[in-house]
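Heads up: numbering here begins at 1 and tracks the sequence.
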Amino acid sequence: MPGTTPQPTSATRTRSWWGWGWADAHPDDAECAAMGALIPGTLAHPLPVPRVRDLAVGRPAVEPPASLAHLVATGPEERAAHAMGKAYRDVARALRGRPGRIPDLVARPTDEREVADLLDWAGERQVAVVPYGGGSSVSGGVEYRGDAHRAVLSLDLTAMDRVLEVDAVGRAARIQAGTLGPSLEDQLRPHGLTLRHFPQSFEFSTLGGWLATRAGGHYATGRTHIDDFVQSLRVVTPAGTSASWRLPASGAGPSPDRLFLGSEGALGIITEAWVRLRERPTHKASASLAFTDFHAALEAVRAIAQSDLSPANCRLLDAGEAALSGASHDGSAVLVLGFESADAPVTARLGQAVELARSHGGRRGDVDGAETADTDAAVGAWRSAFLRMPYLRDGLARMGAVAETFETAATWDRIPGLIEAVRTEVGQAALKASGHPATVNCRLTHVYPDGAAPYFTVLAAGRPGDEVAFWDDLKAVASDVLHRHRATITHHHAVGRDHRPGYDRQRPDPFALALRAAKGALDPRGILNPGVLVD
């Protein structure tokens, strides 16, 4: 229409170098101030949006050889944008002008040969190589810490972004590791197929990143971890290229793919994978139920998880999380349910799940159960908040607030005590450290017959100028609680560098020996993502 303002597209928008997502999607100063006013003890005015030109970005410590120079960028903007991931502590450091060590070079290989050549050169020159997909890491997985290497190369895989082959009969595809989520789905759509792996970072993360971190998708039951989709991998290491066979299943010894899934670039660079696909769903239905008793809601979720209904979405929000997302304003916990199928209607399955929830005290909204993508206002409110939340977190960080999440998983018998201990002990630690009360909310993001994945949100006034150390202290308290309750240090956010202390305590000692041996054999010069998983 004449006079309308053209809407930006992904081709014209700019990624934020310091915070989540698109630079034009961040809250403005007024919205930041309004959010900060809700948390006692925050700053009176938002910190300014950081600028790359204000950083001390020195000259690269090394120069690439002429044969690789065309793959390498050395400009301050490129290097700063690859210095960190997108965790709260990354955003807080950038706001204070302290992003840490900025990589000397950013390389974008276009094929496996170039990846191997870059690794060969880096090994000869003692240059650390940090693999980089979409840069959405929230555990310190894409930054370099320390000074043991003369230079740092950020190896950006996003130029390797194609679906190379589709097997429609076997419903699988061979896909390059640098393919971002939206591009991956766009390339599969003409075939009527989908990977259906949608982490919150979907728009800004890659297949290779999902594989290297054992990412969990949006779906709460069934196939949700990327592990479940893998048929085979190709991985370039300093010791050679590993190429596993494409098979539906195999009992031939320890799985080579399992070695590299979750290895976070410490053992090799994943360059492509065959992954299992499914037909695109055409039948969808969703609903929400409210609970006055959170423990009764936990029992309802367990009953649904232990049935054979397999909902695509089964998210339980405690009262605080429900209020934060706009799903409830009366102090109720909210259960969000969703079903989908490519073959048959799903309203009957939704109805059975709703009845299970009702039998545990759940109250249904005025929804008729029609097969639509959004049958309930609470479902829509939660979905919108889910996608918007990282931007709001960055806005709160500009107000000096700590706004961050962490997640875990434990067996059902431990879940109630674990959630209560985290709420109590992290809340007490925040109050003691800042003098202001903190909000600690919880939701269940993934559920299994034998357990669940609680996901915690912490909102607190930080210590001005010392926000990172404040959050690190709270995270240490939370990690101790998880360890006492034998809950994993991470369910789907990866280990990176931030979770190393907890991971070192969780993994068995003989496995640590084997992992170090694998690291030594595959990366004898110790250049691959140093400090991740193992020293």
Please name the pair of heavy atoms, one in Leu356 and one in Ala303, separated by the smallest distance, quoted to 0.1 Å. CD1-O, 4.0 Å

Working to the nearest 0.5 angstrom, can you tell me the gap between Thr110 OG1 and Leu157 CG? 11.0 Å

I'd like to check Leu119 versus Leu528 (side-chain heavy atoms, cut-off strictly below 4.5 Å). Are they in contact? yes

Result of checking Ile489, Val532, Val495 against Arg500 for side chain to side chain contact (heavy atoms under 4.5 Å, CB included): Val495

Can you give me the closest heavy-atom contact between Val127 and Trp121, atom names plus distance? CG2-CH2, 4.2 Å

Side chain to side chain contact (heavy atoms under 4.5 Å, CB included) between Trp274 and Glu165, intermediate numbers included: CA-CA 9 Å; Trp274 273 98; Glu165 189 175 351; 3.6 Å; yes

Decide yes or no for Met389 and Leu324: does some side-chain heavy atom of the first lie under 4.5 Å from some side-chain heavy atom of the second? yes

Supply the atom-to-atom distance Thr271 OG1 to Ile175 CD1, rounded to the nearest 0.5 angstrom. 13.0 Å

So, does Ser139 use its side chain to make a donor-acceptor pair with the main chain of His493 at under 3.5 Å? yes

Main-chain N/O of Leu335 paired to Ser288 side chain as donor or acceptor, under 3.5 Å: no

Rounded at 0.5 Å granularity, tell me how far CG in Leu298 sits from CG in Leu444. 6.0 Å

Heavy-atom side-chain proximity of Glu185 to Thr194 below 4.5 angstrom: yes

Measuring from atom CD1 of Ile102 to atom OG of Ser154, what distance do you get when rounded to the nearest 0.5 angstrom? 12.0 Å

Should Met160 and Val115 be marked as a side chain to side chain contact (heavy atoms under 4.5 Å, CB included) after you check the CA-CA gap, both sets of side-chain angles, and the distance that decides it? CA-CA 10 Å; Met160 299 173 64; Val115 172; 4.0 Å; yes

If you define the side chain from C-beta out and look only at heavy atoms, does anything of Val130 sit under 4.5 Å from Pro103? no

Among all residues two or more places apart in sequence or in another chain, which pass the ring pair (Phe, Tyr, Trp, His ring centres under 6.0 Å) test with His446? His491, His492

Do the side chains of Thr241 and Arg234 get nearer than 4.5 Å, heavy atoms only? yes

When you measure from the side chain of Asn441 to the backbone of Asp318, do you find a donor-acceptor pair of N or O atoms at a distance under 3.5 Å? no

Is a donor on one side and an acceptor on the other found under 3.5 Å between the side chain of Tyr391 and the backbone of Trp22? yes

Audit row: Val163, His191, side chain to side chain contact (heavy atoms under 4.5 Å, CB included) steps and yes/no: CA-CA 11 Å; Val163 173; His191 302 276; 5.9 Å; no

Does the Ser183 side chain pair with the main chain of Leu180, one donor and one acceptor, at a distance under 3.5 Å? no

Taking the side chain as every heavy atom from C-beta outward, state whether Thr221 and Tyr448 have any atom pair closer than 4.5 Å. no

Note: Arg258-Asp227 ion pair, threshold 4.0 Å (strictly below): yes

Quick test of your reading of the model: are Glu272 and Arg174 salt-bridged, counting only N-O distances below 4.0 Å? yes

Is the closest side-chain heavy-atom distance between Ser67 and Asp117 below 4.5 Å? no

Do side-chain atoms of Arg89 reach the backbone of Gly140 as a donor and acceptor pair under 3.5 angstrom? no

So with a 6.0 Å cut-off around CZ of Arg497, is the heavy-atom count from everything else above 12? yes

Can you list the steps and then say if Ser244 with Asp257 is a side chain to side chain donor-acceptor pair (under 3.5 Å)? CA-CA 7 Å; Ser244 61; Asp257 295 335; 2.6 Å; yes

For Thr490 and Glu407, does a side-chain donor sit closer than 3.5 Å to a side-chain acceptor? yes

Scan for salt bridge (Lys or Arg N to Asp or Glu O under 4.0 Å) pairs involving residues 241-254, sequence neighbours excluded, and state none if there are none. Asp167-Arg246

Charged N to carboxylate O under 4.0 angstrom, Asp523 versus Lys519? yes

Count the heavy atoms of every other residue, nucleotide or ligand shown that sit under 6.0 Å from CZ of Arg162, and state whether that count exceeds 12. no

Heavy-atom closest pair (Leu289 atom, Gly362 atom, distance to 0.1 Å) is CD2-C, 4.1 Å

Looking at Arg93 and Glu143, does any basic side-chain N land under 4.0 Å from a carboxylate oxygen? yes

Would you call Leu392 and Leu396 a side-chain contact if the rule is heavy atoms closer than 4.5 Å? no

Heavy-atom closest pair (Leu267 atom, Leu522 atom, distance to 0.1 Å) is O-CB, 3.7 Å

Go through Phe202 and His218 one step at a time and tell me if the side chain to side chain contact (heavy atoms under 4.5 Å, CB included) criterion holds. CA-CA 9 Å; Phe202 171 77; His218 169 74; over 6 Å; no

Approximate separation, where rounding is to 0.5 Å, of Trp245 CH2 and Leu233 CG: 16.0 Å

Just jot down the ring pair (Phe, Tyr, Trp, His ring centres under 6.0 Å) partners of Tyr219, sequence neighbours excluded, or say none. none

Taking the basic N atoms (NZ, or NE/NH1/NH2) and the acidic carboxylate oxygens, is any pair closer than 4.0 Å for Arg349 and Asp308? no

Ignoring hydrogens, what is the shortest heavy-atom contact between Thr445 and Ala220? Give both atom names and the distance. O-CB, 3.6 Å

Side-chain donor/acceptor of Arg280 to backbone N/O of Leu193, under 3.5 Å: yes

Salt bridge between Glu404 and Lys475, side-chain N to carboxylate O under 4.0 Å? no

Report yes or no: does Ser325 contribute a side-chain atom to a donor-acceptor pair with the main-chain N or O of Glu321 at less than 3.5 Å? yes

Could you tell me whether the side chain of Arg196 and the main chain of Gly217 form a donor-acceptor pair under 3.5 Å? no

Working to the nearest 0.5 Å, report the span between CD of Gln200 and OG of Ser136. 10.0 Å

If only atom types and distance count, is the side chain of Asp104 paired as donor or acceptor with the main-chain N or O of Val152 below 3.5 Å? yes

Compare every heavy atom of Arg507 with every heavy atom of Leu533, then report the nearest pair and how far apart it is. O-NH1, 2.7 Å

Side-chain ion pair, Arg108 and Glu78, N-O less than 4.0 Å: yes

